[in-house]
2 protein chains.
Amino acid sequence: MDGHGPVAAEAAGASKPYRKRKGEGHERREEILAAARSVFVAEGYEHATIRKIAAKAGVSSTALYLYFPDKDAILLEICDKAFGKLVARFEAIRNDGGTLVERLRRLMEAYLRFGLAHPDEYRLIFMTKQAIPMPFDHRTGADMPQGTPGANGAKAFAGLRDLVSALIQDGTLKGEDPNLMAEVIWASGHGLVSLLITMPTFHWSPVDQLIPAMIDAQLNGVLRKAG
Amino acid sequence: MDGHGPVAAEAAGASKPYRKRKGEGHERREEILAAARSVFVAEGYEHATIRKIAAKAGVSSTALYLYFPDKDAILLEICDKAFGKLVARFEAIRNDGGTLVERLRRLMEAYLRFGLAHPDEYRLIFMTKQAIPMPFDHRTGADMPQGTPGANGAKAFAGLRDLVSALIQDGTLKGEDPNLMAEVIWASGHGLVSLLITMPTFHWSPVDQLIPAMIDAQLNGVLRKAG
DNA sequence: CGCTAACCTGATCAATGATAACTTAAACGC
DNA sequence: GCGTTTAAGTTATCATTGATCAGGTTAGCG
């Protein structure tokens, strides 16, 4: 009992087929992802080991390598799916009512709250040395192949950048280069999220003061007249 | 030859004493720190293993545990020393000439450039899940015991906070709570540094545009009139 | 000399990510 | 039915990692 080996498929009673039918490996893949997800959110990145995930999925640890090249690929896929929700949220906000400035404000708040609500995913996507390839060239706008890990992270940035671009064009926002300004805005938001995640023991001001303070400071600093 | 064991003390020729005299263990401690530093900056945090450090120091891997409780303690001490330079820099800037606003601007730029110049140290202090204890209560101002790991990181923040406090008192800076405003300013700077470190493959605008853009945005957003 | 405490080592552990070689059963052709 | 192929999984095993343990050696003192 060393962590290897399959777990009795279904606790008690009749045994279910312990192996997928031919051509249905993708189901096992999904099961592994689900198991990985639960281990990952429960124990965090570092403690989500291959063996724990395998045990939870009811397969041997090696089975994971049939469906994923390595551990990072599994967790990255989970995180990228989580970011899919943020992208959807961004899309909704961009097509929302209200002025462009109001939308930018909501976008920033959505980003901050999302990061704080999913700290492990956020950390894996935006705070690990294993820099996500980011094969998406947001400068030329060339789309990256769908399904690429990190695609949703890049999409989210593109959403911000497009909104910033519109604000520059109608003269509301200072500066000329939408990429530069979007990078600055992103960085300031990222700074708050990542510091709060990394240093929970620091004596922070209440988050509900920090979030508007950060957004106000950025908007005031970046808009031609107070937002 | 498994990575254990002492390395021939001095490549060729007469052997030097392979053991420190009694009462001179602190020298060995310094040698280990120096070896750790060189491995750390050369190979980065993850690849700075106990065994590599020990080999470079010319002692067995076990010897490291005579002087440090664990691996993190070694690297943290190195990083904290590096941050000592930043603190000194901050102190110099705060006692500098120029207006308070000019000092704040220089402080921010110094922080950004320091982080980008020492990415591995920066990462270990401010970007690892192993949240530094931060036993320093910057709210009450109670000093933490000297030598505590992370002390210099906390000191640096205190330096920023005090400058912000002075700016609020003389009416130049918006807001009321110096801690809140300092946290916002810190976070925005940290965001830029950490993103640049984490995602080197992203198509960033040139750093020499990003740094002033970020500083201008923050200062404009946070000062009562444009800085 | 002989003792003691500081200094340092080799052997070893448990956990981790990953690979190689082998087994089992499902599907297909006949 | 019956063999063959091959997807699906397993067991055994590696190398590496941080860390501990029990012991050995030597400096320095009385």
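Below, read A as the first sequence line, B as the second, and so on, with proteins coming before strands; counting in each chain starts at 1. Model, not experiment: these values are computed from the prediction.
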Mind jotting down which residue pairs meet the side chain to side chain donor-acceptor pair (under 3.5 Å) criterion with at least one end in residues 110-122 of chain B? Sequence neighbours excluded, please. Glu109(B)-Arg113(B), Tyr111(B)-Tyr122(B), Tyr111(B)-Trp186(B), Arg113(B)-Asp208(B), Tyr122(B)-His190(B)
Distance-only donor-acceptor test (3.5 Å): side chain Arg51(B), base dG18(D): yes
Whole angstroms only, please: what is the CD-P distance between Glu30(B) and dC7(C)? 14 Å
To the nearest angstrom, the CD-C1' distance between Glu46(B) and dT16(D) comes to 13 Å
Starting at CG of Asp70(A) and ending at P of dT16(C), how long is that distance when rounded to a whole Å? 17 Å
Heavy-atom donor-acceptor pair, Thr62(A) side-chain to dT11(D) base, under 3.5 Å: yes
Once ring pair (Phe, Tyr, Trp, His ring centres under 6.0 Å) is applied, do any residues pair with Phe83(B), and if so which ones, sequence neighbours excluded? Phe114(B), Phe126(B)
Cation-pi between Lys71(B) and Tyr45(B): NZ/CZ under 6.0 Å from ring centre and within 45° of the ring axis? yes
Between dT9(C), dA8(D), dC7(C), which nucleotide has the shortest distance from any of its atoms to the side chain of Ala63(B)? dT9(C)
Please report the distance, rounded to the nearest Å, between CD in Glu31(A) and P in dG9(D). 8 Å
Send over the distance from Tyr65(B) OH to dT20(D) P, rounded to a whole Å. 7 Å
Closer than 3.5 angstrom, by distance alone: can the side chain of Trp204(A) be matched with the main-chain N or O of Glu183(B) as a donor-acceptor pair? no
Select from Pro69(A) and Leu66(B) the residue whose nearest nucleotide in DNA chain C is closer to the 5' end of that strand. Leu66(B)
Students often get this wrong, so: under 4.0 angstrom with heavy atoms, is Ile50(A) touching a base, only sugar-phosphate, or nothing? sugar-phosphate
Could you check how far CZ of Arg28(B) sits from P of dA27(D), rounded to whole Å? 13 Å
Whole-Å distance, Phe68(A) CZ to dA8(D) C1', equals 15 Å
To the nearest Å, how far apart are Ile53(A) CD1 and dA15(C) P? 17 Å
